[in-house]
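Heads up, the thing below is written out as C-alpha cells.
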Amino acid sequence: QVQLVEFGGGLVQAGGSLRLSCAASGRTFSSYSMAWFRQAPGKEREFVAAIRRNGGNPYYADFAKGRFTMSRDNAKNTVYLQMDSLQPEDTAVYSCAAGRSSIVVALEIAYTYWGPGTQVTVSS
C-alpha cells in the first residue's frame with residue numbers, strides 16, 4: 001500500500017513557475033514508477049509526465065516538453081514536477097500516481113495509487 005500526497009499548488013501569473021512535490025509513504029517507493037496527471041474543469045484527466053523507478057528517462061506529454069521537468073528522490077520518497085512558463089491553459093488539479101510497471105506509461109490504468117491532487121491556477 002502506498003499513500004501519496006501532493007504539495008506546492010497555488011496561484012501564479014502567466015509565465016511564472018511552480019514546483020509540485022508528491023510525498024509517498026511506505027518503504028517500497030523505489031519499486032514504483034511514478035506519474036503526474038492533471039484534470040481541468042469540465043475536461044478528462046490527462047497525462048503530464050512519468051518517470052521510471054530509478055529516475056531515468058522521464059517521459060512527457062507534448063504540451064509539457066520543454067516547460068515541465070519531472071524528477072524523483074528515492075531517498076526522500078518524493079517526486080517533483082517543476083513547471084515553468086505556465087499558461088492559463090495549465091490550470092488544473094494535478095495528481096501524482098504510483099504504479100508497478102517497469103516502464104513509463106502514459107495511461108491511467110497503469111497506476112494503482114493516487115494522491116488527492118493539488119490545485120494549480122494560472123492567471124492571465
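For the residue pair Asp73/Thr78, the side-chain donor-acceptor check at 3.5 Å is not satisfied. No donor-acceptor contact under 3.5 angstrom links the side chains of Ser95 and Arg38, judged on distance only.
Between Pro58 and Met70, the shortest heavy-atom contact is CG-O, 3.6 Å. When every heavy atom of Gln87 is checked against every heavy atom of Gly15, the shortest pair comes out as NE2-N, 4.0 Å. Between Ala24 and Leu4 the shortest heavy-atom distance is CB-CD2, 3.5 Å.
The disulfide (SG to SG under 2.5 Å) analysis of residues 2-117, with sequence neighbours excluded, yields the pairs Cys22-Cys96. Residue pairs satisfying the disulfide (SG to SG under 2.5 Å) criterion with at least one member in residues 29-94, sequence neighbours excluded, are absent. Pairs engaging residues 47-85 under the disulfide (SG to SG under 2.5 Å) rule: none recorded [sequence neighbours left out]. Pairs of residues two or more places apart, or lying in two chains, that qualify as ring-ring contact (aromatic ring centres under 6.0 Å, His included) and include a residue from residues 42-69 are Phe37-Phe47, Phe47-Tyr59.
Linking ILVMFWY side-chain heavy atoms closer than 4.5 Å, directly or via other members, places Ile51 and Tyr111 in two distinct hydrophobic clusters. Hydrophobic clustering of Ile, Leu, Val, Met, Phe, Trp and Tyr side chains at less than 4.5 Å, counting indirect connections, unites Val105 with Trp114. By the rule that hydrophobic residues join a cluster once side-chain heavy atoms approach within less than 4.5 Å of another member, Leu107 and Tyr113 end up as members of separate clusters.
Surrounding CD of Gln82 are more than 12 heavy atoms belonging to other residues, nucleotides or ligands, all under 6.0 Å away.
Rounded to the nearest 0.5 angstrom, Arg72 CZ and Asn77 CG are separated by 9.0 Å. Atom CZ of Arg67 is separated from atom OG of Ser85 by 7.0 Å, given to the nearest 0.5 angstrom. A distance of 6.5 Å separates OG1 of Thr69 from CG of Asp84, quoted to the nearest 0.5 Å. For the atom pair Tyr80 OH and Leu20 CG, the distance stands at 12.0 Å (nearest 0.5 Å). Considering CD of Gln1 and CD of Gln3, their distance stands at 6.0 Å, rounded to 0.5 Å.
Among residues two or more places apart in sequence or in another chain, the salt bridge (Lys or Arg N to Asp or Glu O under 4.0 Å) test is passed with Arg53 by none. Scored by the salt bridge (Lys or Arg N to Asp or Glu O under 4.0 Å) test, Lys65 finds Asp62 as partners (sequence neighbours excluded).
When atom types are taken as modelled, the side chain of Thr91 and the backbone of Thr121 share no donor-acceptor pair closer than 3.5 angstrom. Of the possible donor and acceptor atoms, none in the side chain of Ser25 sits under 3.5 Å from a partner among the backbone N and O of Val2. Under a 3.5 Å cut-off, the side chain of Ser101 and the backbone N or O of Ala110 do not form any donor-acceptor pair.
Side-chain atoms of Glu108 and Arg45, non-hydrogen and from C-beta on, do get closer than 4.5 Å to each other. Here the side chains of Tyr94 and Leu81 are in contact, with some heavy-atom distance below 4.5 Å. Inter-residue side-chain proximity for Ser33 and Arg100 is flagged as unmet; no heavy-atom pair is nearer than 4.5 Å. The shortest distance between side-chain heavy atoms of Met83 and Asp90 does not fall below 4.5 Å.
Cation-pi geometry between Arg52 and Tyr32 is not met: the NZ or CZ atom fails to fall both under 6.0 Å from the ring centre and inside 45° of the normal.
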